[in-house]
Amino acid sequence: MKNKLVADLLYQIADLLDIKGDIFFKTRAYRIAAQTIEVLNEDIEVISKEDRLKDINGVGEALSLKIKEFLDEGKLQYFEKLKKEIPAGVLDLLNISGLGPKKVSILFNKLNILNVEQLKIACIEGKLRNLDGFGEITERNILRGISLKEKTSGRILLNIAYETCMEYIRYLKKYDNIDKISMAGSLRRMKETIGDIDLIVTSDYPNDVMEYFIKYSKVKTILQKGKTKSSVLLKDNNIQVDLRVVEDKSYGAALQYFTGSKEHNVKIRGISIKEGYKLNEYGLYTKQNGTYTVGKTEKEIYEKLKLRYIEPEIRENRGEIEAAYLKKLPKLVKYDDIKGDFHIHSNWSDGNNNIEELALYSKKLGYKYIGIADHSESLKIANGLNSRKIGKKIEEISRLNSRLSDIEIFCGTECDIKKNGKLDYNKDALKKFDYVGIAIHSSFRSSKNDITNRIISAMQNEYVDYLAHPTCRIIGRREPIDIDLEKIFETAVETNTYLEINSFPDRLDLNDLNIKHGKDIGVKFIIGTDSHNINHLNFMRYGIATARRGWLNKEDILNTYSIEKIKTIFRRDKRYG
DNA sequence: GCCGTTTTCGGCCCGACTGTTTTCAGTCG
């Protein structure tokens, strides 16, 4: 499947044309086509061979020829030419918050700025302020955007790392000489961003495993290759993957050692010493004469140290070791505990799929229910629903509910919170929904007091069920909004408002620390994917991981409940009484 | 660029906000 590759090509062309100053509707056409191809279920190569490219919505004469050339030749002349006109570093500038194609174009053409580093220097030297449309504040904003990007630079989003890793594991599993295999490191702990991918395998033939490991078709560079450890750099995304081969009797010890976190391990090793052992990546050895005691599984190591087994997601030295000793570890929510998803956008607003497609795919995931929460009226860009359309959407959902079995569809909304804290829909409109999610989509930089009060007053609305992506952060692009989370948590408890754990990989909002803190105060949560097409529904895994990192158990999360219980919560007396 | 015609051109979701200006361009969602 080269669908993703083709989509990326079209996205890049759109960016390049934007910087060149081509008309908006042309670049938009490229992006629409890219988006469609990205989520296409059918293999684009098959479609191309059968000469059906033009049947794809958004692909016409010109694009079909370009896609065909790219698939047949392995590259596209048009794209190669564009890349010569605009260096790759200039494209990077688009990823800085506050910079769009027009400004980037000026920076490139007037100041000959070719990359982020040069831009940073130019800002510090005050060279931008004299350009048309730029000023001192622009310089400061750009510097802020660059530093935000630097903070996460070199780190990959969780979903990219996870998918890349699973693909590598599938390749390795095909090899007979590998027995056990697992990911380790921050990826196994499911941190929101990942530095590199660590893999641990057991085998009696380490040398052969190393050979097989580096022969993977996506390897770009072999960084090192030894007897038991090798590192490679992957094509496309430049991710580093480290592989370690250990004996079976050391498998658990190696996993424990390489999963981390560093802080967790330091403390565990301290406990080992106190208990008369020495712990390293090969096993737990007695201090006295260095004999091997255990090491085959992580569980037996923890148990030998008088601790309960600690799940990887919470190994951060945030109290888990003490809790493991006192037998007070939370029973973390499991990846298959989730029974549905309430944050899904359909093609009634800005989603790519219709409700039936979403429902059928959700059924495949084993869900019992889903909720379609399209945008509200004022979010015109996202094609927000006006009150007339709400009725029609409800009719469609009830038709589907009577036709489809084993899955129930709820009609919800992601209602915009206006600047004054009022909701985008009035009471009569809100009443029509099965449930109401609320969210902020503008004025992120208001004062802490204003924005906190704005959210609190929205939460106090009697029709509101949950607050979506509470801090509005975008990892690597936007800092969380400055809010008084303590007050938000208190209001959530008072008003029975569930707080969302948004599973979209660049959001993961609330984050692990917020969640843990909220739980201590008594907050209840809901995990939503913010899906805009059926593939996004799979992001649920990352929301669950974040919930686990926040120490949540099943009972803390709305969408683990039975459908009957959900209905009583959505129809609580205060609303309909 | 695509699409759909009253079919070969004209329309294509647009409003809020910011920082620049002094009436508006660029960015964001």
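Here is the naming used below: chain letters follow the sequence lines, and residue numbers restart at 1 for every chain.
When the ring pair (Phe, Tyr, Trp, His ring centres under 6.0 Å) test is applied to A:Tyr425, the partners found at least two apart in sequence or on another chain are A:Phe433. In this view, A:Tyr361 satisfies the ring pair (Phe, Tyr, Trp, His ring centres under 6.0 Å) rule with no residue, not counting sequence neighbours.
Distance from the side chain of A:Tyr78 is smallest for B:dG1 among the nucleotides B:dG1, B:dT20, B:dG29.
DNA chain B is contacted by A:Ile23, A:Phe25, A:Lys26, A:Arg28, A:Ala29, A:Tyr30 of residues 15-33 of chain A, taking any non-hydrogen atom closer than 4.0 Å.
Rounded to an integer number of Å, the gap from CD1 of A:Ile13 to P of B:dC2 is 12 Å. Atom CD1 in A:Ile142 sits about 13 Å away from atom C1' in B:dT18, given to the nearest Å. The distance between atom CG of A:Asp374 and atom P of B:dC13, rounded to the nearest whole Å, is 17 Å. The separation between A:His375 atom NE2 and B:dG15 atom C1' is 15 Å, rounded to whole Å. Atom CD1 of A:Ile481 and atom C1' of B:dC17 are 16 Å apart (whole Å). Rounded to an integer number of Å, the gap from NE2 of A:His441 to C1' of B:dC13 is 16 Å. We find that CG of A:Asn386 is positioned 14 Å from P of B:dC14, with the value rounded to whole Å. In this structure, CG of A:Leu10 is placed 10 Å from P of B:dC2, rounded to the nearest angstrom.
OP1 or OP2 of B:dG29 has at least one side-chain nitrogen or oxygen of A:Arg478 nearer than 4.0 Å. When the side-chain nitrogen and oxygen atoms of A:Ser443 are compared with OP1 and OP2 of B:dA16, none of them lie within a distance under 4.0 Å. Within the 4.0 Å cut-off from OP1 or OP2 of B:dG19, at least one side-chain nitrogen or oxygen of A:Asn141 is found.
Spacing of P atoms, B:dA16 relative to B:dT21, comes out at 24 Å, to the nearest Å. Taking atom P in both B:dT5 and B:dG1, one finds a spacing of 23 Å when rounded to whole Å. The gap from the P atom of B:dC13 to that of B:dG4 amounts to 13 Å, rounded to the nearest Å. Taking the C1' atom of each, B:dG10 and B:dT20 are spaced 33 Å apart, rounded to whole Å. B:dG11 and B:dT6 are spaced 14 Å apart, taking the C1' atom of each and rounding to whole Å.
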Identify every side-chain donor-acceptor pair in residues 70-90 of chain A under 3.5 Å, counting partners at least two apart or on other chains, and give the distances.
from, atom 1, to, atom 2, distance (Å)
A:Asp72, OD2, A:Lys68, NZ, 2.7
A:Glu85, OE1, A:Lys20, NZ, 3.1

Could you go over nucleotides 23-27 of chain B and give all protein N or O partners under 3.5 Å, atom names and distances?
from, atom 1, to, atom 2, distance (Å)
B:dT27, OP1, A:Gly100, N, 2.7
B:dT27, OP1, A:Gly100, O, 3.1
B:dT27, OP1, A:Lys103, N, 3.0
B:dT27, OP2, A:Lys102, N, 3.2

Check: protein-nucleotides 3-9 of chain B nitrogen or oxygen pairs below 3.5 Å:
from, atom 1, to, atom 2, distance (Å)
B:dC3, OP1, A:Gly58, N, 2.9

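Taking the six-membered ring for Trp, A:Phe342 and A:Phe570 have ring centres closer than 6.0 Å.
Counting heavy atoms from C-beta outward, A:Arg549 and A:Ile515 have side chains that stay 4.5 Å or more apart. Within the 4.5 Å cutoff, the side chain of A:Leu94 has no heavy atoms near those of the A:Leu99 side chain. Looking at A:Leu158 and A:Lys191, their side chains never come closer than 4.5 Å, going by heavy atoms from C-beta outward.
Note: A:His345 and A:His532 have parallel aromatic rings, judged against thresholds of 30 and 60 degrees for the angle between ring planes.
Looking at heavy-atom distances under 4.0 Å, A:Glu139 makes no contact with the nucleic acid at all. In this structure, A:Ser442 reaches neither bases nor backbone, as no heavy-atom distance under 4.0 Å exists between it and the strands shown. Using a 4.0 Å heavy-atom distance criterion, A:Lys66 is classed as a sugar-phosphate-only contact.
Around the CG atom of A:Asn426, the shell of radius 6.0 Å holds more than 12 heavy atoms that belong to other residues, nucleotides or ligands.
A donor-acceptor distance shorter than 3.5 angstrom exists from the side chain of A:Glu500 to the backbone of A:His469, with no hydrogens or angles considered. Under a 3.5 Å cut-off, the side chain of A:Asn3 and the backbone N or O of A:Ile44 do form a donor-acceptor pair. For the pair A:Asn559 (side chain) and A:Ile527 (backbone), a donor-acceptor distance under 3.5 Å is present.
With a cut-off of 3.5 Å on both Watson-Crick or G-U wobble distances, the partner of B:dC12 is given as B:dG1.
A donor-acceptor pair shorter than 3.5 Å can be found between the side chains of A:Ser346 and A:Asp374.
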